[in-house]
Undergrad: 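Would you mind keeping the following structure in view while I ask a few things?
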Amino acid sequence: MSLEALESDADSGQDLSEFNWDDYLEETGALSVPHHAFKHVDQGLETGLTPGMKLEVCVRTESETAYWMATIITTCGQLLLLRYEGYQDDRRADFWCDIMTADLHPIGWSKQQGRPMRPPEGVREKHQDWEALLEKALAESCSVPASLLEGAQRGCNPIDLLSPGLNVELVDRQDAGAVWSAVIEENVGGRLRLRYDGTDGLPDTQSITWVFYLDPLLHLPGWAQEHSCTIRPPAALLTLRTEAEWEEVKKTISSQAQDSSIKEEFYRDRSAINPHSFTEGMKLEAVDPAAPFTISPATVVKVFNDQFFLVQMDDMRDEAQKEGGRHSFICHRDSPGIFPTQWSLKNGVKLSSPPGFQGQDFDWADYLKQCEAEVAPQQCFPSDPSDQCIKESMMLEAVNPLCPENIHVATVTKVKGQHMWIRLEGLKQAIPEIIVHTDSMDIFPVSWCETNGYPLQHPCKPRVEKQRKVAVVQPEKPRVLSKDSSPDTTKQQINSSQAEMAGQANGKYCCPKIYFNHRCFSGPYLNKGRIAELPQCVGPGNCVLVLKEVLTLLINSAYKPSRVLRELQLDQEGRWQGHGETLKAKYKGKSYRATVEIVRTADQVADFCRKTCIKLECCPNLFGPKMVLERCSENCSVLTKTKYTYYYGKKKSRRVGRPPGGHSNLEGGVKRRGRRRKRRKQLFVHKKRRSSASVDNTPAGSPQGSGDEEDLDEDDSLSEDTGSELQDELMDDSEYSEKKSQPPTPSPSPPETPRPTRKRRKARSPSCSDDENRPPSPKSPRTEVPPKLCLDSSPLEWSVTDVVRFIRTTDCAPLARIFIDQEIDGQALLLLNLPTVQECMDLKLGPAIKLCHHIERVKLAFYQQFAS
């Protein structure tokens, strides 16, 4: 197949609206290349603010506005997680802020401006002599550079600084001494679409080029003059204009203004180019960048300086037979696609003979004699690192070298050293596998195109008539673009949506701080211990972004994240007329997605938070713009779970029989509670004879739990006796492990019968996760009760060594090395659950369940011994 034929079929012109990476990976059973393998993508998202840097942040009180020092704990785009100076390792008061809207300044700013420095109340309680603390911190501080907090660079990463319309200079790819100017037409996540100066009206195939902003050949205006380079258009453009026209363009380029304000940020992430030791005439093996399908012999034909040299693909045909001349390209020592001779033979890769080579089998010894040349020694090339996280059959997104504007779904088919062979999907006519370096800036992680709003070329998906079953939460159906909508219209819709999301910095779209009041009642779905580990507040910032972060934290703090996600799922009517946002949850190794409606304006935030709390059957003040200091206005601490559900929970509609579909996962919550009560009687049986007043008077034909909430309140004496949310969740899970069919005939409940007070029962050692992870035994529903665990100290104070010491006392002792490698201390141990253990520790289900059993024993002992 000729190169021209491949180019004609390069553009598949597919619609991206029906492709979803999660579904595609699930259907194919493939894994995605880890995100950390794409170093160039991560570098573009860094703002220059790193953990450990210190700054001054505004502390507003009723009486004054002062400033205090804070340390950056972590960064997420333009969001910073900060900790006030004086809290040391206490992370309970950590808070998020938006660098674009928060009052942040470098260290020393308050002194220069004559502003007061005063710590918040929590720091004053910990440190009476806080003036000495301030002096010590000022002497040891590593301040954030002022340029990152002020001016145009505030909150911007290097990618944001390269806006469309900016002029840049690009080194000729065949001559390191020639430079030409270009203008940025589009910036897609750091991938720049450039148009050469003076090419207006010319075909895009010659006047447009794509480069990543970290390309060593890309520079800011003025670089060519500083390095005495010749300003000359690329050879492919010279014949398209007259010499006089190019001279006019050249004068315009020379008069361009030089912007030095972004110079430091632009070159900050560039890797230094190491000096090479190549000389002219040396032979090597290389991949032609114009057609990267094979490895062929090549020659170093010119050395420009100690950094760059020119490599030309060998072609033994007569000059008249050569099509368009030989392919040549600039290289440096660490350039991808160049190898020492015999590399293909050592790695079991086919080496293609150069065009015009006479003979059946290519042999380097004979070829060198024929050409009277020497090989490039091994020390001219960098060594291949042994660590490699990219494996065969993994998936990613990759640029089509024949049509650089297209990015395709791609599959890794082979990995050799630091190079891999990938197959592009979504082409009308397949092309050979392309060879790319693992550090290439033309490959990206999955969902990179979706994140940056760029179309992804994907394989055609045949329509499947069989309906897929999705547990608990139905995935959101992607929006299908209308047939008459053009790419320009789609791009305008995306831009307008992003502009609406941005909102106003200080207007009706700015959400106040949302506080997590962990002392309030957490309800049946949320884990009180995990709520206490959340940061004190989130925000301020854009309403959609802040509330999405809040809901994500709540979902991850649930006993069953999928259940909470279902409770939050968008109703059909859409009561808020807000923004539909897709949230995710992981539970028992499965992923769930649902669309959740989030309000967009600040005046709706308080009502939204309160009604969301009521929907989750927790205290209306559990999270919201109001901070609860000592006593909750709802007096929720004196109410039990059942009573609180009656007063604030959702009124459940009466259900009769089993819903359509047999084992439906959308059964009513009250029905579960009824079965749970019955299940508890089976699990906790007193040896002494119960009085007749305690006998269950519910008729045999009545569905359990289908009565009023008052019946549940009376029947929930076990929950009131134990007083433990963890115990309630354990019982709530037990009804999942053993389901009984209920007679569909409804029957009115008899009058309530008072029961005598029963003795407090001992809680079983396994917690909710323990009961979830153990499969039910059909032979014996009762399980052996493990011995109660007694802890000498609180797990919150355990170091990594203490955690490892505990693990080695269990039957999971071989896994202790994982805890050492991942530095899991006591606080991290209490946050582990089954999905996290399987995903982060890469354990199979059996060992993961066994390990979670011991972790849940620690959690239960912690709640019983140390939780206040």
Side-chain angles (χ1 to χ4, degrees), residues 45 47 49 57-60 70 72-83 91-104 154-155 451 497-518 520 526 530-531 533-558 561 564-565 567-570 575-585 594-616 618 620-628:
L45 301 177
T47 60
L49 300 173
V57 59
C58 180
V59 182
R60 289 187 173 88
I72 299 177
I73 303 302
T74 188
T75 63
C76 181
Q78 65 184 38
L79 297 179
L80 303 179
L81 181 63
L82 302 180
R83 181 180 301 166
R91 59 184 181 183
R92 288 178 296 180
D94 292 359
F95 61 97
W96 288 92
C97 70
D98 190 336
I99 190 175
M100 300 300 293
T101 59
D103 193 359
L104 306 176
R154 177 174 181 142
T451 302
S497 175
Q498 291 175 346
E500 184 178 357
M501 283 284 293
Q504 302 174 7
N506 291 302
K508 66 176 183 178
Y509 299 109
C510 186
C511 179
K513 288 184 179 180
I514 303 298
Y515 295 93
F516 293 103
N517 301 309
H518 63 87
C520 290
L526 302 177
R530 295 175 188 167
I531 293 289
E533 291 293 327
L534 296 180
Q536 186 181 30
C537 63
V538 177
N542 179 273
C543 283
V544 175
L545 295 179
V546 172
L547 293 177
K548 181 180 179 182
E549 175 68 14
V550 168
L551 295 181
T552 300
L553 291 174
L554 288 174
I555 290 171
N556 294 333
S557 301
V564 172
L565 185 61
E567 295 293 334
L568 299 175
Q569 190 173 11
L570 176 65
R575 68 185 69 177
W576 298 100
Q577 286 81 41
H579 182 84
E581 196 68 38
T582 300
L583 299 184
K584 297 181 180 180
T595 302
V596 177
E597 189 177 22
I598 298 177
V599 296
R600 289 182 286 186
T601 56
D603 57 340
Q604 296 177 298
V605 169
D607 194 31
F608 173 80
C609 292
R610 184 176 182 87
K611 291 186 177 179
T612 302
C613 288
I614 294 175
K615 185 184 293 186
L616 297 179
C618 60
N621 294 330
L622 181 66
F623 69 94
K626 177 183 177 182
M627 178 190 293
V628 177

Undergrad: How far apart are the closest heavy atoms of Val538 and Trp96, and which atoms are they?
TA: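 In this case the closest contact between Val538 and Trp96 is CG2-CD1, 4.3 Å.
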Undergrad: So, applying side chain to side chain contact (heavy atoms under 4.5 Å, CB included) with Ile531, which one of Leu553, Leu526, Asn517 is it?
TA: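 Filter result, single survivor: Leu526.
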Undergrad: Please find the pair of heavy atoms, one from Leu565 and one from Lys584, that lie closest to each other, and give the distance.
TA: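 That closest heavy-atom pairing would be CD2-C, 4.3 Å.
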Undergrad: Looking at CG of Leu554 and CD of Glu549, how far apart are the two atoms once the value is rounded to the nearest 0.5 Å?
TA: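 Reported value, rounded in 0.5 Å steps: 10.0 Å.
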Undergrad: With the side chain counted from C-beta on, respond yes when Met627 and Lys513 share a heavy-atom pair under 4.5 Å apart, and no when they do not.
TA: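 When only atoms from C-beta onward are counted, Lys513 and Met627 do not touch, as no gap falls below 4.5 Å.
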Undergrad: Determine whether Ile598 and Lys548 make a side-chain contact, defined as any pair of heavy atoms from C-beta on separated by less than 4.5 Å.
TA: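 When only atoms from C-beta onward are counted, Lys548 and Ile598 do touch, with a gap below 4.5 Å.
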Undergrad: Run the side-chain contact (heavy atoms from CB on, under 4.5 Å) test on Ile72 and Leu82 for me, step by step, so that the C-alpha distance in whole Å, both residues' side-chain angles and the decisive distance to 0.1 Å come before the verdict.
TA: CA-CA 5 Å; Ile72 299 177; Leu82 302 180; 3.8 Å; yes
Undergrad: What closest approach, in Å, do Val546 and Cys511 show between heavy atoms, and which atom pair accounts for it?
TA: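 In this case the closest contact between Val546 and Cys511 is CG1-SG, 3.9 Å.
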Undergrad: Could you tell me which non-hydrogen atom of Pro512 sits nearest to which non-hydrogen atom of Pro625, and how far apart they are?
TA: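 Reported closest heavy-atom pair: CG-CB, 4.2 Å.
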Undergrad: Nearest 0.5 Å, what's the NE2-CD distance between His518 and Glu533?
TA: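 So the NE2 of His518 and the CD of Glu533 are separated by 9.5 Å.
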Undergrad: Measuring from atom CG of Asp98 to atom CG of Leu104, what distance do you get when rounded to the nearest 0.5 angstrom?
TA: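 It is 9.0 Å, given to the nearest 0.5 Å.
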Undergrad: Please report the interatomic distance CG(Leu547) to OG1(Thr552), rounded to the nearest 0.5 Å.
TA: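 Going from the CG atom of Leu547 to the OG1 atom of Thr552 covers 10.5 Å.
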Undergrad: Take Cys97 and Asp103, measure what side-chain contact (heavy atoms from CB on, under 4.5 Å) needs, and give me the verdict at the end.
TA: CA-CA 9 Å; Cys97 70; Asp103 193 359; over 6 Å; no
Undergrad: Could you report the tightest heavy-atom contact between Phe608 and Leu551, atom names first, then the distance?
TA: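 Smallest heavy-atom distance, with atoms named: CZ-CD1, 4.2 Å.
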Undergrad: Would you check, one step at a time, whether the test side-chain contact (heavy atoms from CB on, under 4.5 Å) holds for Ile99 with Thr75?
TA: CA-CA 10 Å; Ile99 190 175; Thr75 63; over 6 Å; no
Undergrad: Any side-chain heavy-atom pair from Asp607 and Val599 closer than 4.5 angstrom?
TA: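 No, too far: nothing below the 4.5 Å cut-off.
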Undergrad: To the nearest 0.5 Å, how far apart are CG in Leu622 and OG1 in Thr612?
TA: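 OG1 of Thr612 is found 11.0 Å from CG of Leu622.
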Undergrad: Checking Asn621 against Arg610 for the side-chain contact (heavy atoms from CB on, under 4.5 Å) test, could you report, in this order, the C-alpha distance in whole Å, the side-chain angles of both residues, the deciding distance, and whether it holds?
TA: CA-CA 7 Å; Asn621 294 330; Arg610 184 176 182 87; 4.1 Å; yes
Undergrad: How far apart are the closest heavy atoms of Pro535 and Phe516, and which atoms are they?
TA: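 Nearest pair, atom of Pro535 first, then Phe516: O-CD1, 3.2 Å.
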Undergrad: What's the separation between atom CG in Leu545 and atom CD in Glu581, rounded to the nearest 0.5 Å?
TA: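 It comes to 8.0 Å.
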